[in-house]
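Here is the structure we will look at, set down as structure tokens.
Every number for a ligand or one of its atoms is a count from 1 in the order of the listing.
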Amino acid sequence: MSDKQNKTQQPKNIIGVFDSGLGGLTVFKHFLKDLPEYNYIYLGDNARLPYGEKSQATIYEYTLEAMEFLFKKGCNLIIIACNTASAQALRRLQQEYLPKHWPDRRILGVIRPLAEEFANQKIKKIGVIGTKSTINSGAYEIEIKKLNPNIKVEATSAPLLVPLIEEGWAKKPETKMILKKYLHPLKTKQVEALILGCTHYPYLLKEIKNIMGRRISVLDPGKIIASRLKKYLDKHSELGLKSTTEKTRNYYTTDDPKIFKDLGEKFLDAKIVNIEQVKITEL
Ligand code: DGL
């Protein structure tokens, strides 16, 4: 990308929301509900999902391509809804890529706001479930410990859940059995709260709450992230994202738009109208 090209990309008042697939719609749903006055573009890199099994270098490269796509579409701010991409790519994007290529734009992730929410609760032990990559990165543990060194973090990966959900198997008894197996060690270790560290898992929120029991706090990450985003937007009027009459809601996927729409509407709990397939590798 050349500097000349950069200057021709005029920022618009659009918020980009990125996920490796459909999972980010569980977060986006809350943006639409709680912050409807903004313009949004959602990008799901469905063709290359799952990110959770890939190396840090690959996740960085994929996420960078997604950022380029969204910035070129005129996004002023991008929320990386994907925990895996937040864990493995966000810091480098903020420290190296943004200052060099898009110094006046912003990228935010989901791990810090979720860690803050939970670290502020009066609890001693927190459980985290996420993809292999997110759990192996230790990102939640690092952020929580920075905020409250006394909290013990028990983290476990649940790699089968994403493919099962993407396959439309979320409500099958087999999925419930697998979920129970993943959550059992965290229950045994008596965690007091559970962080759903993957955008797909809120789709199983009811089932997870049932398995964990009433005494364990399992919050919907999308709600928390939306409320944090509201505070951020209120503080950063210089980004020029405040409401317009336009109300853009455009969806892009790197895979089949029909599959995205069919399952995506279940994640979003709303109709998906403007959906287009895109290539983000040749920008
Ligand atoms: N969306 C990803 C996350 O929140 C999980 C899906 C994947 O493995 O690509 O971590």
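- With a 6.0 Å cutoff to the six-membered ring centre and a 45° limit on the axis angle, R249 does not count as a cation-pi contact of Y40.
- In terms of protein heavy-atom proximity, atom 10 (O) of ligand 1 is closest to T84 OG1, 2.6 Å.
- Close approach to D19 involves these atoms of ligand 1, each under 4.0 Å from a residue heavy atom: 1 (N).
- Of all the heavy atoms of V162, the ones lying under 4.0 Å from any atom of ligand 1 belong exclusively to the side chain.
- Residue contacts with ligand 1 for H200 involve side-chain atoms from C-beta outward but no N, CA, C or O (heavy atoms, distance under 4.0 Å).
- To the nearest 0.5 angstrom, L90 atom CG is 9.5 Å from T63 atom OG1.
- Cation-pi geometry between K247 and Y38 is not met: the NZ or CZ atom fails to fall both under 6.0 Å from the ring centre and inside 45° of the normal.
- Around NZ of K145, the count of heavy atoms belonging to other residues, nucleotides or ligands within 6.0 Å exceeds 12.
- The protein heavy atom nearest to atom 1 (N) of ligand 1 is T199 OG1, 2.8 Å.
- Polar contact check, S20 against ligand 1: a nitrogen or oxygen pair lies under 3.5 Å apart.
- Close contacts of ligand 1 with L49, meaning ligand atoms under 4.0 Å from a residue heavy atom, involve 9 (O).
- Nearest to atom 5 (C) of ligand 1 by heavy-atom distance, out of G24, G197, C198, is C198.
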Exercise for the section: Under the ring-ring contact (aromatic ring centres under 6.0 Å, His included) rule, what do Y252 and Y42 come out as? Steps first, then yes or no, please. Expected result: CA-CA 6 Å; Y252 295 94; Y42 182 95; 10.0 Å; no
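- The shortest N/O to N/O separation between T131 and ligand 1 does not fall below 3.5 Å.
- The protein atom (non-hydrogen) at minimum distance from atom 8 (O) of ligand 1 is G52 N, 2.8 Å.
- Ligand 1 has no N or O atom lying under 3.5 Å from any N or O atom of C82, backbone or side chain.
- The backbone N or O of S20 sits nowhere less than 3.5 Å from a side-chain atom of D45 that would complete a donor-acceptor pair.
- The shortest heavy-atom contact between Q277 and T254 is NE2-O, 3.5 Å.
- Side-chain N or O atoms of E143 include none that pairs as donor or acceptor with a backbone N or O of A115 at under 3.5 Å.
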